[in-house]
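Notes follow once the structure below has been shown.
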There are 2 protein chains.
Amino acid sequence: MADPVTLAVSTVIFALRPHPTTRLPVLWTPLVRRIRAPHQGKWALPGGPLGADEGLAAAAGRTLRETTGLTPRYLEQLYAFGSLDRAPSAAERMVSVIYWALVRAEEADAGIESVNVRWFVADELPELAFDHALILEYALWRLRNKVEYSRIAAAFLGESFTLAELRAVHEAVLQRRLDPANFRRQIEASGRLVPTGEFRTGGRHRPARLFRHDESIELADNGPLTGL
Amino acid sequence: MADPVTLAVSTVIFALRPHPTTRLPVLWTPLVRRIRAPHQGKWALPGGPLGADEGLAAAAGRTLRETTGLTPRYLEQLYAFGSLDRAPSAAERMVSVIYWALVRAEEADAGIESVNVRWFVADELPELAFDHALILEYALWRLRNKVEYSRIAAAFLGESFTLAELRAVHEAVLQRRLDPANFRRQIEASGRLVPTGEFRTGGRHRPARLFRHDESIELADNGPLTGL
DNA sequence: TGAATAGTGTCTATTAGACATTATAAC
DNA sequence: GTTATAATGTCTAATAGACACTATTCA
């Protein structure tokens with residue numbers, strides 16, 4: 001008996017860009033428009049069937065490259081979805097392994113965009129196909145949790161950055177203001193930052209010290225699965 | 001082209017039972033002996049191919065029932081493994097969605113056991129098939145993490161219990177002693193326990209107050225995936 | 001009465017948060 | 001000098017851990 005289950009890999013991709021009206025940095029995510037049934041015309045997570053010669057994470061990375069033209073700064077498995085009622089018709093049984101990724105949108109200013117690929121503000125999404133709205137909500141929940149106890153926020157920034165820039169990332173993800181003094185103490189106490197010795201000048205104020213992250217510390221602690 | 005990927009669901013099952021020599025409560029897990037190649041004769045996680053008419057969690061629950069005869073008190077998805085080098089021969093490409101479960105071993109004193117199903121102390125395992133040693137290590141890591149910030153320890157206990165019994169579960173999972181006074185304060189401050197008004201007598205000491213958990217609080221906070 | 005564990009009180013060190021103060025650039 | 005933000009200092013409340021002490025039962 002042939003296995004009747006199709007296995008797909010999709011990826012929730014996050015980048016930080018200014019909100020179209022407020023100009024404040026907010027999370028964006030790229031979606032692709034479905035060009036056939038079911039859910040034709042609706043927006044969906046980028047993804048596709050798992051190739052016979054690629055691992056799960058490799059498939060997620062490929063999807064990301066094809067959709068955005070960017071390289072992920074962080075990539076982690078989110079969840080495997082496989083309930084029976086995921087598709088409207090029971091005809092095609094689909095199990096999806098979902099990854100989530102962080103990219104630096106500045107590199108290509110959101111990269112490829114076309115009629116069928118568009119970036120949306122993560123809190124202002126259109127109607128999504130299948131259970132993708134639930135998946136995106138879960139990915140946002142994971143990101144907002146993880147930014148508080150790991151250094152994944154660094155994935156949105158360049159090689160070196162000021163504490164104000166790092167704090168702006170945290171504030172955009174968590175959607176609340178953070179006290180600069182307390183933020184500084186917390187971050188410095190974690191021992192994850194190394195001062196580069198250089199400063200960022202240009203503002204009409206005291207120059208800000210530049211930092212980089214200690215490369216020997218993982219972006220997130222996934223226990224025995226480090227680097228998988 | 002038919003999808004060449006086989007999808008299986010396996011489950012890491014944990015129960016608390018006395019260690020065979022020290023008699024102290026420790027984590028046990030049931031394994032099944034492989035009766036054919038590859039890895040014939042080695043021990044492996046209970047599991048099997050995903051049925052066409054069952055969801056992922058349902059398949060994990062079925063595996064658990066077939067292996068132990070028990071009903072899970074807690075069941076959560078662990079991870080989907082799908083790298084290309086999981087099986088020794090590339091002939092069969094396998095993606096496994098792994099769940100982990102907590103059961104009360106006392107109900108049936110470890111339930112079914114046979115030549116090909118045996119319970120092992122989780123820290124004293126034999127050589128395992130495939131990547132199952134890594135998977136078990138990861139499941140233990142998740143359990144030990146989660147017991148510190150959720151109330152999953154309750155899954156090992158009955159309807160009502162004393163604080164000393166709950167503390168014994170934490171100590172067995174975390175493998176270190178906890179101060180009774182501080183443990184009590186922490187648990188009571190969390191507001192998850194409700195005193196039943198009854199007491200456990202019989203020891204040669206002051207009777208212990210019995211508690212039950214507030215049922216309106218989930219065993220673990222999985223965000224938008226609550227109850228999936 | 002003594003042994004054993006239940007349960008409470010208290011002290012200290014650490015941490016999070018609020019907020020004041022000083023430093024230094026651009027204008 | 002003024003303004004804006006960098007960077008530091010200080011106070012308080014909450015929390016974790018160590019440990020002393022009281023309460024109550026059984027042998």
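Residue numbers start from 1 in every chain, and the chains themselves are labelled A, B, ... in the order their sequence lines are given, proteins ahead of strands. When reading the values below, keep in mind they use all heavy atoms of this one structure, side chains included, and skip hydrogens, waters and symmetry mates.
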Under 3.5 Å, which donor-acceptor pairs link side chains of residues 198-207 of chain B to any protein atom two or more places apart or in another chain?
residue, atom, partner, partner atom, Å
B:Arg200, NE, B:Glu165, OE2, 3.1
B:Arg200, NH2, B:Glu165, OE1, 3.1
B:Arg200, NH2, B:Glu165, OE2, 3.0

Base versus backbone protein contacts along nucleotides 3-12 of chain D [heavy-atom cut-off under 4.0 Å; B, S, -]: BBBBSBBB--
Verdict with supporting geometry, B:Arg62 and B:Glu54, salt bridge (Lys or Arg N to Asp or Glu O under 4.0 Å): CA-CA 10 Å; B:Arg62 174 177 56 77; B:Glu54 62 182 358; 2.7 Å; yes
Under the ring pair (Phe, Tyr, Trp, His ring centres under 6.0 Å) test, residues paired with B:Trp28 that sit two or more places apart: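 B:Trp28 satisfies ring pair (Phe, Tyr, Trp, His ring centres under 6.0 Å) with no residue once adjacent residues are dropped.
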Euclidean distance, atom [atom1] of residue [X] to atom [atom2] of [N] [Å, nearest integer]:
X	N	atom1	atom2	result
B:Leu178	C:dG7	CG	P	17 Å
B:Leu193	C:dG7	CG	P	12 Å
A:Glu198	C:dA25	CD	C1'	18 Å
A:Arg176	C:dG17	CZ	C1'	11 Å
A:Ile187	C:dA16	CD1	C1'	14 Å
B:Phe183	D:dA18	CZ	C1'	17 Å

Option from A:Leu143, A:Leu78, A:Ile98 for which side-chain contact (heavy atoms from CB on, under 4.5 Å) with A:Tyr138 holds: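 Only one option passes, and that is A:Leu78.
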Salt bridge (charged side-chain N to carboxylate O under 4.0 Å, His left out) pairs, two or more places apart, involving residues 129-140 of chain A: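 As it turns out, the salt bridge (charged side-chain N to carboxylate O under 4.0 Å, His left out) pairs with a partner in residues 129-140 of chain A, which skip direct neighbours, are A:Arg86-A:Asp131.
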Atom CD of B:Glu124 with >12 non-hydrogen neighbours under 6.0 angstrom: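 Check passes, neighbour count above 12.
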Greater than 12 external heavy atoms within 6.0 Å of B:Glu127's CD: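 Open.
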Qualifying ring pair (Phe, Tyr, Trp, His ring centres under 6.0 Å) pairs, either residue in residues 149-194 of chain B, two or more places apart: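 Output for this query lists B:Phe161-B:His213, B:His170-B:Phe183.
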Rounded (10°) bend between the five-pair end axes of the helix from C:dT1-D:dA27 to C:dC27-D:dG1: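 Rounded to the nearest 10 degrees, the bend comes out at 10°.
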